[in-house]
Amino acid sequence: IGQDSVAVLGHSYPRDDFTNVTPRILAKVGLNLHNQSHHPLWLIKERIKAHFYSAYVGRWGNPLFSVHDNLSPVVTVEQNFDSLLIPPGHPSRKKGDNYYLNRKTMLRAHTSAHQRELVSSGLDAFLLVGDVYRRDEIDASHYPVFHQMEGVRLFSNHELFSEVQHGQDLSLFEAAGRRTPQKQETHSLEAVKLLEFNLKLTLTRLVTQLFGEDLEVRWVDCYFPFTHPSFEMEVRFQGDWMEVLGCGVMEQELLISAGAGHKAGWAFGLGLERLAMVLFGIPDIRLFWSQDQRFLKQFQVDDVQQPVCFQPLSKFPPLHNHISFWLPEDEDDFTENDFYELVRSIGGDLVEKVSLVDQFTQPNTGRRSQCYSIIYRHTERTLTQQEVRLVHQEIERSAETELGVQGRY
Ligand code: PHE
(Lines give C-alpha, C1' and ligand atoms only; values in the text may rest on other atoms or scores of the structure.)
Protein backbone atom coordinates (compact mmCIF):
# COMPACT_ATOMS: atom_id res chain seq x y z
CA ILE A 1 0.00 0.00 0.00
CA GLY A 2 2.35 2.72 1.23
CA GLN A 3 2.24 6.39 0.36
CA ASP A 4 -0.53 6.60 -2.21
CA SER A 5 -3.35 5.12 -0.18
CA VAL A 6 -4.82 5.23 3.32
CA ALA A 7 -5.69 2.04 5.19
CA VAL A 8 -8.70 2.02 7.52
CA LEU A 9 -10.35 -1.01 9.13
CA GLY A 10 -8.77 -3.38 6.65
CA HIS A 11 -9.62 -1.46 3.50
CA SER A 12 -7.39 0.83 1.54
CA TYR A 13 -8.47 4.09 -0.04
CA PRO A 14 -6.47 5.86 -2.76
CA ARG A 15 -5.27 9.31 -1.72
CA ASP A 16 -6.20 12.40 -3.71
CA ASP A 17 -6.23 16.16 -3.24
CA PHE A 18 -8.99 15.83 -0.59
CA THR A 19 -7.18 13.39 1.67
CA ASN A 20 -6.67 15.01 5.07
CA VAL A 21 -6.96 12.27 7.69
CA THR A 22 -3.98 12.04 10.00
CA PRO A 23 -2.44 8.97 11.65
CA ARG A 24 -3.57 10.22 15.07
CA ILE A 25 -7.18 10.30 13.93
CA LEU A 26 -6.94 6.95 12.18
CA ALA A 27 -5.62 5.46 15.41
CA LYS A 28 -9.02 6.21 17.01
CA VAL A 29 -11.03 4.43 14.32
CA GLY A 30 -12.18 1.05 15.59
CA LEU A 31 -11.68 1.80 19.29
CA ASN A 32 -15.48 2.03 19.67
CA LEU A 33 -15.56 3.47 23.18
CA HIS A 34 -19.36 3.22 23.09
CA ASN A 35 -19.03 -0.58 22.92
CA GLN A 36 -16.43 -0.95 25.68
CA SER A 37 -18.29 -2.33 28.63
CA HIS A 38 -18.40 0.03 31.61
CA HIS A 39 -16.92 2.95 29.71
CA PRO A 40 -19.02 6.05 30.59
CA LEU A 41 -20.17 6.36 26.96
CA TRP A 42 -21.24 2.71 27.01
CA LEU A 43 -23.01 3.29 30.32
CA ILE A 44 -25.02 6.22 28.99
CA LYS A 45 -25.83 4.26 25.84
CA GLU A 46 -27.09 1.35 27.97
CA ARG A 47 -29.27 3.67 30.06
CA ILE A 48 -30.80 5.22 26.96
CA LYS A 49 -31.40 1.77 25.42
CA ALA A 50 -33.05 0.55 28.63
CA HIS A 51 -35.34 3.56 28.61
CA PHE A 52 -36.42 3.09 24.99
CA TYR A 53 -36.84 -0.68 25.41
CA SER A 54 -39.17 -0.27 28.37
CA ALA A 55 -41.06 2.86 27.34
CA TYR A 56 -41.81 1.88 23.72
CA VAL A 57 -43.06 -1.61 23.04
CA GLY A 58 -44.95 -3.00 20.11
CA ARG A 59 -48.21 -4.89 20.20
CA TRP A 60 -46.57 -8.14 21.26
CA GLY A 61 -44.34 -6.59 23.90
CA ASN A 62 -41.40 -6.39 21.51
CA PRO A 63 -39.16 -3.31 21.64
CA LEU A 64 -40.19 -0.78 19.03
CA PHE A 65 -36.73 0.68 18.53
CA SER A 66 -33.89 -1.47 17.27
CA VAL A 67 -30.36 -0.48 18.28
CA HIS A 68 -27.39 -0.34 15.91
CA ASP A 69 -23.92 0.37 17.26
CA ASN A 70 -21.56 -1.34 14.87
CA LEU A 71 -21.80 0.55 11.59
CA SER A 72 -18.44 1.53 10.13
CA PRO A 73 -17.57 5.22 10.50
CA VAL A 74 -16.15 5.13 6.98
CA VAL A 75 -18.94 6.45 4.74
CA THR A 76 -19.25 7.91 1.30
CA VAL A 77 -19.45 11.66 0.89
CA GLU A 78 -22.80 10.90 -0.73
CA GLN A 79 -24.09 9.28 2.48
CA ASN A 80 -22.77 11.99 4.77
CA PHE A 81 -24.11 14.90 2.71
CA ASP A 82 -26.07 14.20 -0.50
CA SER A 83 -28.37 11.57 1.03
CA LEU A 84 -29.35 14.24 3.56
CA LEU A 85 -30.09 16.86 0.90
CA ILE A 86 -27.03 18.89 1.85
CA PRO A 87 -26.27 20.69 -1.43
CA PRO A 88 -22.91 20.68 -3.22
CA GLY A 89 -20.78 23.55 -2.01
CA HIS A 90 -22.60 23.73 1.35
CA PRO A 91 -20.23 25.13 4.01
CA SER A 92 -20.52 21.95 6.15
CA ARG A 93 -18.64 20.08 3.38
CA LYS A 94 -15.47 22.14 3.81
CA LYS A 95 -12.18 20.26 3.91
CA GLY A 96 -11.31 22.42 6.89
CA ASP A 97 -14.15 20.92 8.95
CA ASN A 98 -14.09 17.23 7.95
CA TYR A 99 -11.80 14.23 7.67
CA TYR A 100 -11.72 13.03 4.09
CA LEU A 101 -10.08 9.77 3.03
CA ASN A 102 -10.45 11.07 -0.52
CA ARG A 103 -13.01 12.94 -2.64
CA LYS A 104 -15.50 10.07 -2.42
CA THR A 105 -14.99 8.74 1.11
CA MET A 106 -14.79 10.24 4.59
CA LEU A 107 -15.08 9.55 8.29
CA ARG A 108 -18.72 10.32 9.09
CA ALA A 109 -19.27 13.77 10.58
CA HIS A 110 -22.61 12.73 12.10
CA THR A 111 -24.64 9.58 12.59
CA SER A 112 -27.31 11.08 10.31
CA ALA A 113 -25.13 9.72 7.48
CA HIS A 114 -26.92 6.37 8.02
CA GLN A 115 -30.52 7.61 8.11
CA ARG A 116 -31.30 6.76 4.51
CA GLU A 117 -29.70 3.29 4.52
CA LEU A 118 -31.48 2.18 7.69
CA VAL A 119 -34.84 3.54 6.53
CA SER A 120 -34.27 1.81 3.15
CA SER A 121 -33.64 -1.45 4.95
CA GLY A 122 -37.22 -1.28 6.22
CA LEU A 123 -36.78 -0.02 9.78
CA ASP A 124 -39.48 2.24 11.23
CA ALA A 125 -37.91 3.02 14.59
CA PHE A 126 -34.23 2.80 15.42
CA LEU A 127 -31.38 4.15 17.52
CA LEU A 128 -27.91 4.30 16.03
CA VAL A 129 -24.77 4.92 18.08
CA GLY A 130 -21.36 5.68 16.65
CA ASP A 131 -18.14 7.62 16.67
CA VAL A 132 -18.13 10.78 14.53
CA TYR A 133 -15.23 12.90 13.31
CA ARG A 134 -14.92 16.66 12.91
CA ARG A 135 -11.99 19.02 12.66
CA ASP A 136 -12.55 21.61 15.34
CA GLU A 137 -11.08 23.94 17.90
CA ILE A 138 -9.34 22.54 20.98
CA ASP A 139 -10.66 23.00 24.50
CA ALA A 140 -12.20 21.08 27.40
CA SER A 141 -15.41 20.34 25.49
CA HIS A 142 -14.15 19.82 21.92
CA TYR A 143 -12.35 16.78 20.61
CA PRO A 144 -12.01 15.74 16.95
CA VAL A 145 -13.68 12.38 17.66
CA PHE A 146 -16.88 12.17 19.63
CA HIS A 147 -19.97 9.98 19.80
CA GLN A 148 -23.55 10.52 18.73
CA MET A 149 -26.82 8.71 19.03
CA GLU A 150 -29.27 9.09 16.19
CA GLY A 151 -32.94 8.27 16.67
CA VAL A 152 -35.56 7.91 13.96
CA ARG A 153 -39.25 7.08 14.15
CA LEU A 154 -41.62 6.78 11.22
CA PHE A 155 -45.40 6.71 11.30
CA SER A 156 -47.96 5.53 8.80
CA ASN A 157 -51.19 7.49 8.52
CA HIS A 158 -52.89 4.97 10.77
CA GLU A 159 -50.10 4.95 13.39
CA LEU A 160 -49.99 8.72 13.74
CA PHE A 161 -53.72 9.38 13.94
CA SER A 162 -54.99 6.23 15.67
CA GLU A 163 -55.12 7.93 19.10
CA VAL A 164 -56.99 10.95 17.74
CA GLN A 165 -60.77 11.09 17.70
CA HIS A 166 -62.01 10.75 14.11
CA GLY A 167 -58.34 10.25 13.20
CA GLN A 168 -59.33 8.06 10.27
CA ASP A 169 -60.46 11.23 8.50
CA LEU A 170 -57.04 12.89 8.85
CA SER A 171 -54.14 12.54 6.44
CA LEU A 172 -50.34 12.85 6.70
CA PHE A 173 -50.15 14.63 3.38
CA GLU A 174 -51.84 17.44 1.55
CA ALA A 175 -51.70 18.19 -2.13
CA ALA A 176 -50.56 21.61 -3.35
CA GLY A 177 -49.52 22.77 0.09
CA ARG A 178 -46.89 25.41 0.73
CA ARG A 179 -43.72 25.33 2.80
CA THR A 180 -44.07 27.62 5.80
CA PRO A 181 -42.02 28.06 8.96
CA GLN A 182 -44.31 25.41 10.53
CA LYS A 183 -44.24 22.69 7.88
CA GLN A 184 -43.05 21.20 4.61
CA GLU A 185 -45.11 21.59 1.44
CA THR A 186 -46.37 17.99 1.32
CA HIS A 187 -47.25 17.59 5.01
CA SER A 188 -50.58 18.43 6.57
CA LEU A 189 -50.37 20.82 9.51
CA GLU A 190 -52.13 18.33 11.80
CA ALA A 191 -49.58 15.61 10.94
CA VAL A 192 -46.65 17.92 11.63
CA LYS A 193 -48.06 19.09 14.94
CA LEU A 194 -48.53 15.51 16.10
CA LEU A 195 -45.03 14.53 14.94
CA GLU A 196 -43.51 17.53 16.65
CA PHE A 197 -45.41 16.80 19.82
CA ASN A 198 -44.38 13.14 19.79
CA LEU A 199 -40.75 14.06 19.10
CA LYS A 200 -40.54 16.59 21.93
CA LEU A 201 -42.37 14.28 24.34
CA THR A 202 -40.02 11.39 23.51
CA LEU A 203 -36.92 13.51 24.11
CA THR A 204 -38.23 15.25 27.21
CA ARG A 205 -39.04 11.84 28.70
CA LEU A 206 -35.58 10.61 27.85
CA VAL A 207 -33.68 13.45 29.52
CA THR A 208 -36.04 13.37 32.49
CA GLN A 209 -35.30 9.68 32.89
CA LEU A 210 -31.55 10.36 32.72
CA PHE A 211 -31.35 13.49 34.85
CA GLY A 212 -34.45 13.43 37.03
CA GLU A 213 -37.56 15.57 37.19
CA ASP A 214 -35.82 18.79 38.16
CA LEU A 215 -33.97 19.28 34.91
CA GLU A 216 -34.96 22.45 33.06
CA VAL A 217 -35.38 22.00 29.32
CA ARG A 218 -36.09 24.45 26.52
CA TRP A 219 -36.61 24.22 22.74
CA VAL A 220 -34.95 26.54 20.26
CA ASP A 221 -35.93 26.76 16.58
CA CYS A 222 -33.06 26.03 14.22
CA TYR A 223 -32.21 24.79 10.75
CA PHE A 224 -30.97 21.50 9.29
CA PRO A 225 -31.16 20.68 5.55
CA PHE A 226 -32.67 17.25 6.35
CA THR A 227 -35.42 18.24 8.81
CA HIS A 228 -38.18 20.85 8.81
CA PRO A 229 -39.26 22.18 11.17
CA SER A 230 -36.04 21.76 13.20
CA PHE A 231 -35.25 22.28 16.87
CA GLU A 232 -32.45 22.16 19.35
CA MET A 233 -32.98 21.02 22.90
CA GLU A 234 -31.11 22.89 25.58
CA VAL A 235 -30.80 21.90 29.21
CA ARG A 236 -29.87 24.16 32.07
CA PHE A 237 -26.50 23.16 33.44
CA GLN A 238 -24.62 25.09 36.16
CA GLY A 239 -26.69 28.17 35.37
CA ASP A 240 -26.10 28.13 31.59
CA TRP A 241 -28.24 26.74 28.78
CA MET A 242 -26.37 23.95 27.02
CA GLU A 243 -27.30 22.51 23.63
CA VAL A 244 -27.54 18.72 23.79
CA LEU A 245 -29.27 17.67 20.60
CA GLY A 246 -30.66 18.62 17.21
CA CYS A 247 -33.88 17.19 15.83
CA GLY A 248 -36.86 17.75 13.60
CA VAL A 249 -39.46 16.40 11.23
CA MET A 250 -37.63 14.48 8.50
CA GLU A 251 -37.62 15.98 5.03
CA GLN A 252 -40.14 14.00 2.98
CA GLU A 253 -37.79 13.95 -0.01
CA LEU A 254 -35.34 11.90 2.09
CA LEU A 255 -38.04 9.39 3.02
CA ILE A 256 -39.14 9.15 -0.61
CA SER A 257 -35.56 8.43 -1.68
CA ALA A 258 -35.39 5.71 0.98
CA GLY A 259 -38.59 4.06 -0.28
CA ALA A 260 -40.70 5.17 2.69
CA GLY A 261 -42.58 8.02 1.04
CA HIS A 262 -45.95 6.84 2.39
CA LYS A 263 -44.77 7.50 5.96
CA ALA A 264 -43.69 10.61 7.84
CA GLY A 265 -41.27 10.77 10.72
CA TRP A 266 -38.92 12.52 13.04
CA ALA A 267 -35.20 12.25 13.73
CA PHE A 268 -32.83 13.42 16.42
CA GLY A 269 -29.07 13.37 16.94
CA LEU A 270 -27.56 13.77 20.37
CA GLY A 271 -24.00 14.14 21.56
CA LEU A 272 -23.13 11.43 24.08
CA GLU A 273 -20.04 13.16 25.57
CA ARG A 274 -22.07 16.28 26.31
CA LEU A 275 -24.68 14.24 28.15
CA ALA A 276 -22.12 12.12 30.00
CA MET A 277 -20.14 15.19 31.07
CA VAL A 278 -23.26 16.68 32.65
CA LEU A 279 -24.62 13.43 34.04
CA PHE A 280 -21.38 12.24 35.65
CA GLY A 281 -19.70 15.63 36.15
CA ILE A 282 -16.75 14.81 33.86
CA PRO A 283 -14.85 18.11 33.47
CA ASP A 284 -12.68 17.44 30.39
CA ILE A 285 -13.57 15.63 27.17
CA ARG A 286 -10.07 14.13 26.86
CA LEU A 287 -10.84 11.95 29.88
CA PHE A 288 -13.09 9.74 27.73
CA TRP A 289 -9.90 8.54 26.00
CA SER A 290 -8.06 7.90 29.25
CA GLN A 291 -6.88 4.40 30.13
CA ASP A 292 -6.28 5.55 33.71
CA GLN A 293 -7.98 3.11 36.08
CA ARG A 294 -8.65 5.94 38.52
CA PHE A 295 -11.04 7.22 35.85
CA LEU A 296 -12.43 4.00 34.36
CA LYS A 297 -13.00 2.08 37.58
CA GLN A 298 -15.49 4.69 38.74
CA PHE A 299 -17.93 3.42 36.11
CA GLN A 300 -17.67 -0.25 37.08
CA VAL A 301 -21.25 -0.56 38.33
CA ASP A 302 -23.07 -3.92 38.67
CA ASP A 303 -26.30 -2.47 37.35
CA VAL A 304 -26.35 0.27 34.72
CA GLN A 305 -28.97 2.17 36.71
CA GLN A 306 -26.75 2.35 39.79
CA PRO A 307 -25.84 5.99 40.38
CA VAL A 308 -22.24 6.91 39.60
CA CYS A 309 -20.66 9.50 41.83
CA PHE A 310 -17.71 10.60 39.81
CA GLN A 311 -14.80 11.98 41.82
CA PRO A 312 -12.89 14.35 39.58
CA LEU A 313 -9.23 13.41 39.43
CA SER A 314 -7.01 16.03 40.93
CA LYS A 315 -5.81 18.44 38.29
CA PHE A 316 -2.11 18.67 37.57
CA PRO A 317 -0.67 22.10 36.88
CA PRO A 318 -0.95 23.58 33.36
CA LEU A 319 1.91 25.04 31.32
CA HIS A 320 1.19 28.02 29.06
CA ASN A 321 3.09 28.75 25.85
CA HIS A 322 2.60 31.09 22.92
CA ILE A 323 3.31 30.83 19.24
CA SER A 324 3.19 33.66 16.68
CA PHE A 325 3.62 33.52 12.94
CA TRP A 326 2.97 35.29 9.66
CA LEU A 327 0.28 33.63 7.59
CA PRO A 328 1.20 32.41 4.08
CA GLU A 329 1.03 35.03 1.30
CA ASP A 330 -1.94 33.20 -0.16
CA GLU A 331 -4.22 33.10 2.86
CA ASP A 332 -6.58 30.61 1.25
CA ASP A 333 -3.86 28.06 1.95
CA PHE A 334 -4.44 28.37 5.69
CA THR A 335 -7.38 27.82 8.02
CA GLU A 336 -7.30 27.96 11.79
CA ASN A 337 -8.41 24.33 11.90
CA ASP A 338 -5.22 23.40 10.02
CA PHE A 339 -3.26 24.78 12.93
CA TYR A 340 -5.44 23.09 15.57
CA GLU A 341 -5.02 19.83 13.70
CA LEU A 342 -1.26 20.20 13.62
CA VAL A 343 -1.12 20.98 17.33
CA ARG A 344 -3.26 17.97 18.09
CA SER A 345 -1.24 15.67 15.85
CA ILE A 346 2.03 16.64 17.57
CA GLY A 347 0.94 17.49 21.11
CA GLY A 348 -1.75 14.84 21.35
CA ASP A 349 -3.71 14.76 24.55
CA LEU A 350 -1.09 16.89 26.33
CA VAL A 351 -2.86 19.85 24.76
CA GLU A 352 -5.78 21.09 26.82
CA LYS A 353 -6.66 24.24 24.93
CA VAL A 354 -5.50 26.29 21.98
CA SER A 355 -6.83 29.78 21.45
CA LEU A 356 -6.19 32.56 19.02
CA VAL A 357 -5.24 35.41 21.33
CA ASP A 358 -4.14 38.12 18.92
CA GLN A 359 -3.94 38.94 15.24
CA PHE A 360 -2.94 41.98 13.27
CA THR A 361 -2.29 43.12 9.73
CA GLN A 362 0.92 44.96 8.96
CA PRO A 363 -0.16 48.28 7.39
CA ASN A 364 2.49 48.53 4.60
CA THR A 365 2.66 44.93 3.43
CA GLY A 366 -0.87 43.78 4.29
CA ARG A 367 0.56 40.58 5.76
CA ARG A 368 -1.35 39.02 8.60
CA SER A 369 0.15 37.67 11.77
CA GLN A 370 -1.53 35.48 14.39
CA CYS A 371 -0.66 34.59 17.94
CA TYR A 372 -2.04 31.49 19.65
CA SER A 373 -1.83 30.44 23.26
CA ILE A 374 -1.41 26.75 23.95
CA ILE A 375 -2.21 25.28 27.35
CA TYR A 376 -0.47 21.98 28.00
CA ARG A 377 -1.66 19.75 30.79
CA HIS A 378 -1.45 16.02 31.38
CA THR A 379 -4.58 14.55 32.95
CA GLU A 380 -2.51 12.00 34.89
CA ARG A 381 0.76 13.67 35.98
CA THR A 382 2.73 16.89 36.23
CA LEU A 383 4.48 17.97 33.03
CA THR A 384 7.95 19.45 33.08
CA GLN A 385 8.87 22.58 31.16
CA GLN A 386 11.60 20.59 29.34
CA GLU A 387 9.28 17.99 27.88
CA VAL A 388 6.75 20.63 26.90
CA ARG A 389 9.49 22.71 25.25
CA LEU A 390 10.35 19.77 22.98
CA VAL A 391 6.74 19.40 21.90
CA HIS A 392 6.32 23.15 21.49
CA GLN A 393 9.45 23.45 19.34
CA GLU A 394 8.26 20.59 17.17
CA ILE A 395 4.96 22.46 16.68
CA GLU A 396 6.90 25.60 15.71
CA ARG A 397 8.99 23.68 13.18
CA SER A 398 6.08 21.80 11.66
CA ALA A 399 3.92 24.91 11.39
CA GLU A 400 6.59 26.33 9.08
CA THR A 401 7.17 23.21 7.00
CA GLU A 402 3.59 21.88 6.87
CA LEU A 403 1.48 25.03 6.87
CA GLY A 404 3.80 27.47 5.13
CA VAL A 405 3.65 30.04 7.91
CA GLN A 406 6.67 32.07 8.87
CA GLY A 407 7.53 31.81 12.55
CA ARG A 408 8.13 34.86 14.70
CA TYR A 409 9.82 32.79 17.36
N1 PHE B 1 -26.88 15.46 12.51
C2 PHE B 1 -27.16 16.67 13.25
C3 PHE B 1 -25.84 17.19 13.88
O4 PHE B 1 -24.90 16.43 14.00
C5 PHE B 1 -28.17 16.47 14.34
C6 PHE B 1 -29.53 16.07 13.82
C7 PHE B 1 -29.88 14.73 13.70
C8 PHE B 1 -30.46 17.04 13.48
C9 PHE B 1 -31.14 14.37 13.25
C10 PHE B 1 -31.71 16.70 13.02
C11 PHE B 1 -32.04 15.36 12.90
O12 PHE B 1 -25.73 18.33 14.26
Side-chain angles (χ1 to χ4, degrees), residues 34 41 45 48 52 65 67-69 71 73 75-87 90-94 97-99 106-119 123-137 141-155 181 183-184 187 192 195-196 198-204 206-207 219-235 242-255 257-258 260 263-275 285:
H34 58 288
L41 296 172
K45 175 187 80 173
I48 297 174
F52 274 91
F65 287 83
V67 178
H68 308 261
D69 57 15
L71 279 83
V75 298
T76 61
V77 171
E78 200 275 336
Q79 283 176 290
N80 197 81
F81 296 118
D82 302 80
S83 80
L84 291 158
L85 316 171
I86 300 171
H90 190 271
S92 65
R93 296 182 181 241
K94 280 201 303 274
D97 291 346
N98 296 285
Y99 289 106
M106 62 189 293
L107 299 176
R108 65 186 163 212
H110 52 181
T111 44
S112 303
H114 301 287
Q115 277 187 18
R116 189 196 50 199
E117 75 187 270
L118 290 188
V119 170
L123 299 173
D124 278 343
F126 59 83
L127 303 173
L128 159 69
V129 187
D131 40 334
V132 301
Y133 297 77
R134 291 187 202 170
R135 300 180 69 192
D136 214 334
E137 57 191 295
S141 60
H142 290 85
Y143 199 84
V145 191
F146 59 102
H147 296 75
Q148 285 188 323
M149 176 183 281
E150 192 86 4
V152 166
R153 183 165 183 190
L154 306 186
F155 296 85
K183 67 171 208 75
Q184 297 169 33
H187 290 156
V192 172
L195 287 168
E196 180 180 327
N198 184 270
L199 169 63
K200 290 179 172 174
L201 186 65
T202 304
L203 291 168
T204 308
L206 171 65
V207 294
W219 295 97
V220 181
D221 290 323
C222 72
Y223 173 80
F224 298 105
F226 38 97
T227 51
H228 183 71
S230 304
F231 314 95
E232 273 164 3
M233 180 199 254
E234 297 185 345
V235 299
M242 186 182 71
E243 182 210 321
V244 293
L245 64 85
C247 64
V249 175
M250 293 172 80
E251 280 290 344
Q252 204 57 31
E253 195 183 326
L254 195 165
L255 291 179
S257 75
K263 297 189 173 175
W266 52 245
F268 68 81
L270 60 83
L272 291 180
E273 276 84 350
R274 276 278 175 90
L275 284 186
I285 197 165

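One-based numbering along the sequence shown. Counting starts at 1 for both ligands and their atoms, in listed order.
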Exercise: do His187 and Gln252 side chains pair donor with acceptor under 3.5 Å: yes
May I ask you to decide if the ring planes of Phe226 and His110 are parallel, tilted or perpendicular, using 30° and 60° as cut-offs? perpendicular
Salt-bridged, Glu78 to Arg116, with N to O below 4.0 Å? yes
Using heavy atoms and a cut-off under 4.0 Å, could you grab the residues that are in contact with ligand 1, chain by chain, numbers ascending? His110, Ser112, Gln115, Arg134, Gln148, Glu150, Phe224, Phe226, Thr227, Gly246, Cys247, Ala267, Phe268, Gly269
Between Asn98 and Phe81, is there a side-chain heavy-atom distance shorter than 4.5 Å? yes
Centroid-centroid distance, His114 to Phe126, less than 6.0 Å: no
Asp124: partners by side chain to side chain donor-acceptor pair (under 3.5 Å), with sequence neighbours left out: Lys263
